[in-house]
Amino acid sequence: VRYRQKHSQATVLNIFSDYDYNRSVITLAAPIDMLGNLVVAACIEAFKSIDMTVQDGIHPCLGAVDLVPVYPLLDVGVEECGTVARNIAERLALRVPGCSIFLFGQADLPEKRSLVLRRKQLGWFNRKTFKSMEVKADVGTSPNPRYGLTGVGASPYVMNCNVTLDTQDLTAGKEVASAIRGRSVNGLKGIQAMAFPHDGKIEIACNVESLEDQDNAATAHEQAGYVSYCILGKTFFCVSPQLIEAQIKNLAKGHGISTVGTALVGFTPEECKRCAVYALAKEHKSPDKYN
């Protein structure tokens with residue numbers, strides 16, 4: 001907060017905290033040339049406050065700062081976001097001795113490996129099997145017990161959408177999550193999904209990736225329940241929250257289970273852009289290049 005007061009061209013768009021997950025997601029927006037300073041300052045505070053040796057929660061997590069994704073919103077490309085992400089990683093390694101960072105997406109050059117691939121490689125999905133001494137960090141040292149392992153990278157916008165099933169049957173929840181994933185035969189493009197026990201029920205937590213529309217088929221995607229948006233003349237599309245909810249509801253029905261609610265963690269891409277422009281305009285600053 002102190003750092004935010006000094007830099008009025010930045011805004012906190014959303015804070016999502018979940019008790020069962022023991023996890024918070026903070027959405028920041030700022031001109032790209034300011035974003036790095038703000039993110040580094042926030043991460044330093046988190047590293048001071050969170051000790052991974054005592055952290056516990058049902059959501060997978062390997063780091064006190066688990067993930068720093070940089071997304072383009074307006075007049076900036078994902079490649080430039082990758083440069084900013086690499087700079088954030090290098091500065092964190094200098095400012096927080098002992099922190100360990102892996103890179104993904106446009107920050108992971110030249111491979112540009114996806115976040116889900118990097119997480120699989122590093123054992124993020126099963127913390128009990130994570131072997132920190134065997135991990136070679138991309139930036140910084142090997143993971144130490146207090147700070148853990150942090151992912152830093154850049155990609156087109158990723159939305160988070162969670163749908164709650166009215167059941168405690170985790171096996172059924174995992175089957176629903178598996179069926180909706182993008183790699184499944186009848187899954188939804190760009191969806192990564194997991195099932196967790198949550199507040200006495202099962203929650204299907206979806207990461208919703210934006211995909212570049214290289215076939216100029218935006219209209220067809222929209223008719224199929226996807227939403228599209230443009231950045232620097234490039235069109236991207238992602239699954240709408242409504243389609244995710246409808247698909248999960250249909251899959252759950254096959255197990256004799258109903259859904260009891262849907263939560264969008266943050267915003268759709270267009271909503272995020274509109275909120276950022278509006279919030280920053282209120283500070284009497286012109287909206288330049290935002291992430």
Side-chain angles (χ1 to χ4, degrees), residues 1-7 10 12 15-17 21-57 59-71 79-155 291:
V1 174
R2 291 193 302 271
Y3 203 85
R4 165 67 181 85
Q5 290 170 344
K6 297 177 183 178
H7 296 274
V12 177
I15 299 176
F16 169 86
S17 296
Y21 285 2
N22 196 9
R23 184 179 183 87
S24 292
V25 179
I26 302 172
T27 306
L28 303 172
I32 194 164
D33 57 354
M34 291 182 56
L35 188 71
N37 290 337
L38 297 164
V39 171
V40 169
C43 289
I44 289 172
E45 292 301 315
F47 280 125
K48 289 178 181 177
S49 304
I50 302 169
D51 184 347
M52 288 300 293
T53 63
V54 296
Q55 194 274 350
D56 189 30
H59 196 288
C61 177
L62 288 181
V65 178
D66 197 49
L67 186 67
V68 182
V70 181
Y71 306 135
E79 296 82 4
E80 194 171 354
C81 290
T83 300
V84 171
R86 288 194 301 275
N87 180 262
I88 289 171
E90 291 163 0
R91 290 172 60 190
L92 282 175
L94 290 174
R95 296 287 302 278
V96 187
C99 80
S100 178
I101 297 165
F102 72 87
L103 302 174
F104 66 90
Q106 290 290 332
D108 176 41
L109 299 178
E111 293 93 341
K112 300 180 183 178
R113 290 167 290 184
S114 69
L115 174 60
V116 67
L117 175 59
R118 301 274 17 234
R119 281 176 162 176
K120 285 179 179 178
Q121 291 172 337
L122 296 164
W124 181 86
F125 292 96
N126 190 345
R127 185 170 167 182
K128 292 180 180 179
T129 63
F130 178 66
K131 298 178 181 179
S132 60
M133 298 306 295
E134 297 180 7
V135 171
K136 186 177 186 299
D138 295 322
V139 182
T141 65
S142 295
N144 74 28
R146 178 181 173 86
Y147 298 143
L149 182 64
T150 297
V152 179
S155 72
N291 320 67

Least distance between heavy atoms, G82 atom then A154 atom: N-CB, 3.5 Å

Shortest non-hydrogen contact between Y21 and Q55, atoms and distance: O-NE2, 4.5 Å

Flag, side chain of R86 to backbone of Q106, donor-acceptor distance under 3.5 Å: yes

Non-neighbouring partners of D51 that pass side-chain contact (heavy atoms from CB on, under 4.5 Å), sequence neighbours left out: T53, V54, R146

Heavy-atom side-chain contact between L103 and I101 under 4.5 Å: yes

Main-chain N/O of M34 paired with N37 side-chain donor or acceptor, under 3.5 Å: no

Worked check of side chain to side chain contact (heavy atoms under 4.5 Å, CB included) between R119 and L67: CA-CA 11 Å; R119 281 176 162 176; L67 186 67; 3.6 Å; yes

Donor-acceptor pair, side chain of D66 and main chain of C61, under 3.5 angstrom: no

Side chain to side chain contact (heavy atoms under 4.5 Å, CB included) assessment of L62 paired with F125: CA-CA 9 Å; L62 288 181; F125 292 96; over 6 Å; no

4.5 Å side-chain heavy-atom contact, L35 and V70: yes

Shortest non-hydrogen contact from T141 toward G98: OG1-O, 3.3 Å

Pairwise side-chain contact, S155 with Y71, heavy-atom cut-off 4.5 Å (strictly under): yes

Value rounded to 0.5 Å, distance of CG in D108 from CZ in F102: 10.0 Å

Donor-acceptor under 3.5 Å (N144 side chain, Y147 main chain): yes

Taking every non-hydrogen atom, the tightest pair across A85 and A107: CB-CB, 3.9 Å

Heavy-atom closest pair, residues P143 and L149: CG-CD1, 4.1 Å

T150 side chain to G63 backbone, donor-acceptor under 3.5 Å: no

Qualifying residues under side-chain hydrogen bond (donor to acceptor under 3.5 Å, both in side chains), relative to R118, sequence neighbours excluded: Q121, D138

Stepwise side chain to side chain contact (heavy atoms under 4.5 Å, CB included) check, L92 with V40: CA-CA 6 Å; L92 282 175; V40 169; 4.2 Å; yes

S49 OG to I44 CD1 distance, which is reported to the nearest 0.5 Å: 11.5 Å

V25 and I15: CA distance, side-chain angles, deciding distance, side chain to side chain contact (heavy atoms under 4.5 Å, CB included) verdict: CA-CA 6 Å; V25 179; I15 299 176; over 6 Å; no

Set of side-chain hydrogen bond (donor to acceptor under 3.5 Å, both in side chains) partners for S24, sequence neighbours left out: S17

Nearest non-hydrogen partners of L38 and A30, listed with the distance: CD1-CB, 3.7 Å

